[in-house]
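Below: one structure, written as structure tokens.
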Number of protein chains: 2
Amino acid sequence: MKRHQTTIIDIAKELNLSKSTVSRALTGHSNVNPETRKAILDLAEKMDYQRNMLALSLVTSRSNTLGIVVPEFLTSFFPQVVIGAQEIASKAGYNVIVSHSNESYETEVANSKVMLANRVDGILVSVTKETRNFDHFKVFQRKGIPIVFFNRVCDEMSVPKVIVDDYEGAFRAVEHLIQTGKKRIAHLAGPDSLLISRKRLNGYLDALRKYNLPLIDELVISYDLTVEKAKIYVKHLLELPEPPDALFAINDPTAIEAMQVIKAKGLTMPEDIAVVGFSNDYASSLIEPGLTTVAQPIREIGKNAAQLLLDQMDREVSDWKAMTKILKTELIIRGSSSRNMPTSGH
Amino acid sequence: MKRHQTTIIDIAKELNLSKSTVSRALTGHSNVNPETRKAILDLAEKMDYQRNMLALSLVTSRSNTLGIVVPEFLTSFFPQVVIGAQEIASKAGYNVIVSHSNESYETEVANSKVMLANRVDGILVSVTKETRNFDHFKVFQRKGIPIVFFNRVCDEMSVPKVIVDDYEGAFRAVEHLIQTGKKRIAHLAGPDSLLISRKRLNGYLDALRKYNLPLIDELVISYDLTVEKAKIYVKHLLELPEPPDALFAINDPTAIEAMQVIKAKGLTMPEDIAVVGFSNDYASSLIEPGLTTVAQPIREIGKNAAQLLLDQMDREVSDWKAMTKILKTELIIRGSSSRNMPTSGH
DNA sequence: CTGTTAGCGCTTTCAC
DNA sequence: GTGAAAGCGCTAACAG
């Protein structure tokens, strides 16, 4: 199905001009006779002319496109980051192409190749839970294409990163549980491959330590972030001879799954067991009781990451700085951990 | 910042071959000496060669890219549609570029131009609530680029569309409310510009009619789908001299906002007022009581739309059929409209 | 099996 | 002010 789109040559022929002149008029160069320019612009409009960015990119060797590679698109987190990033990108005249990897390493590798093949001028990345090898991203560095990680970052690459104070946030969350009198605090952690899992785990551990609570091995479980496993492990925890009296979950979706299981068992929150999540997803304020959680500035993460990327692109490769931007979190206390709080609401 | 990416010429020079041979080896053509091929493939790998899709697209005049234009990215609806569409697209070897318009007509027009400039081979569109003029999409038709609408479709364009049985779904929802004994059923409708608003409104009206309930004008309100307005109108409804005993909302986010207002007023659901939404968003099962809602097969919408688009691309322009695919909805009854139902849960 | 050539649509010197 | 020509990276005839 061969279609023909209007080109500058079509316009040039129609007006008996050279394509150079048409190009100049269309791109707003100065050296064009005002009348010629007007004729060109009018005809272009009339013929639905739309500049071919592919050809432009080929000649300028910049695509004016940023790539975003995210691990999933199911929870509201990544779409929101994308909104933030897109806002900054389009202000700077860049288009954005997004790909999600469905938490699959293979797909992530394939997606990164698509970004390369489409000659993105830079990429924003948050890796899958399976990703342990980062060669497919190191290629970008070798080629001199700026890369910025956010949220789920690659520890071994020296590039800019945008994260939140995961350790601090986790510490405060667990401290809060301790201060409400909880003693057997469980932690449903993420996979060890993710830095955020390890950081949040460390926050948990240090909070216990600071308040001289013993670390109870059976109360700390790393899992793969799937809904099914979350359910299984929460059930397991609740059926222990000495079940936990509180649960700190790696993120809100996990915490919410936990709450469902807890409710189904007929236990009450926060008395029987208190729950704290991480992120402050939209659902956290809707569920009953409201979910206490460590709020992250999600859209800001996207904005900061995009800005950092744009900053790199203005610089020489040698000038790239591997700075890590750490955004603040805020503990939001709701009914899942505190009886004095509104049971739900915004 | 001028970077140089490996090209087939680099490989050709290194191996003392012509770029044609390199091209043939890389694209898997048959007529290449196995040894030469291996040498080429190995070197390409070693040099991080990545085919330049921009150049390819220029010569083949197909970009192997589908565009998706959605009105917003905040609710889970559109990201889920994108997941479905992307699944089908990538199976067929197409990349996807997504743009959201933030419910702004201006942005939508700009986004459609970006799609054109990037020479997408087809687009999937759901329009903003502001869109009343469709010229920016008609250009695609004129250029012979297939276009498929979904969810928020353009009524005046004769192209394939994927929707759900909005009328039917709304009718069943309202019928359900009537059957639980409700008599003063309000409807918080969407803007009149959207076909889905009108269809759902008609379902509402016909249900009233069928059961001989009077249409009470003050109970039907069209609004702009913003959170703030939802709150204001729900409050208004509740403060009427004769407030409604049920509310059918255009979609789940609206219904959920309504529920917050109702709870804040200390009213109980479903006794004081029953609520029904549309979509079955994730949050609907979490909120307390669970939200009765008309479930749509969200991901299927994306899959069907993408498939319809691919079908067009295999055909001559003259063969395009403007068929409308209507997917089934299902009424999911939860605690917001029925006391016998579980208060929440999946 | 491999090389040569033309051309996709555009910008950009360099002339005139 | 405008045109001619080169070239971005690649594929696809057409030769050999």
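As a basis for the values below, the full set of heavy atoms in this structure was taken, side chains included, without hydrogen atoms, waters or symmetry mates. The sequence lines fix the lettering, A, B, ..., with proteins before strands; numbering per chain opens at 1. All of these numbers come straight from a predicted model, not from anything done at the bench.
- Among the nucleotides D:dG9, C:dT2, C:dT12, the one closest to any side-chain atom of B:Ala55 is D:dG9.
- Distance alone, capped at 3.5 Å, places no donor-acceptor pair between the A:Asn151 side chain and the A:Ile163 backbone.
- Both B:Ser18 and B:Arg119 sit near DNA chain C, but only B:Ser18 has its closest nucleotide nearer the 5' end.
- When each of A:Leu17 and B:Leu54 is assigned the nucleotide of DNA chain D with its nearest heavy atom, A:Leu17 is the one assigned upstream, toward the 5' end.
- Of the candidate nucleotides D:dG9, D:dG3, C:dC10, C:dC10 has the atom nearest to the side chain of A:Lys19.
- Backbone-only engagement by A:Asn16 is indicated by non-hydrogen atom pairs under 4.0 Å involving sugar-phosphate atoms exclusively.
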**OP:** Take A:Glu103 and A:Arg152, measure what salt bridge (Lys or Arg N to Asp or Glu O under 4.0 Å) needs, and give me the verdict at the end.
**Re:** CA-CA 12 Å; A:Glu103 293 287 13; A:Arg152 301 193 191 169; 2.9 Å; yes
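- Going from atom CG of B:Asp10 over to atom C1' of D:dC8 covers 13 Å, rounded to whole Å.
- A donor-acceptor contact under 3.5 Å is formed by the side chain of B:Ser20 with the base of C:dT4.
- One interatomic measurement links the two molecules: CG of B:Asn52 to C1' of D:dG9, which rounds to 6 Å at whole-angstrom precision.
- Residue contacts for A:Asn31: at a heavy-atom cut-off of 4.0 Å it reaches a base atom on one of the strands shown.
- The side chain of B:Arg24 sits closest to D:dC14 out of D:dC14, D:dC8, D:dG9.
- Counting any heavy atom pair closer than 4.0 Å across all strands shown, B:Thr27 reaches sugar-phosphate atoms only and no base atom.
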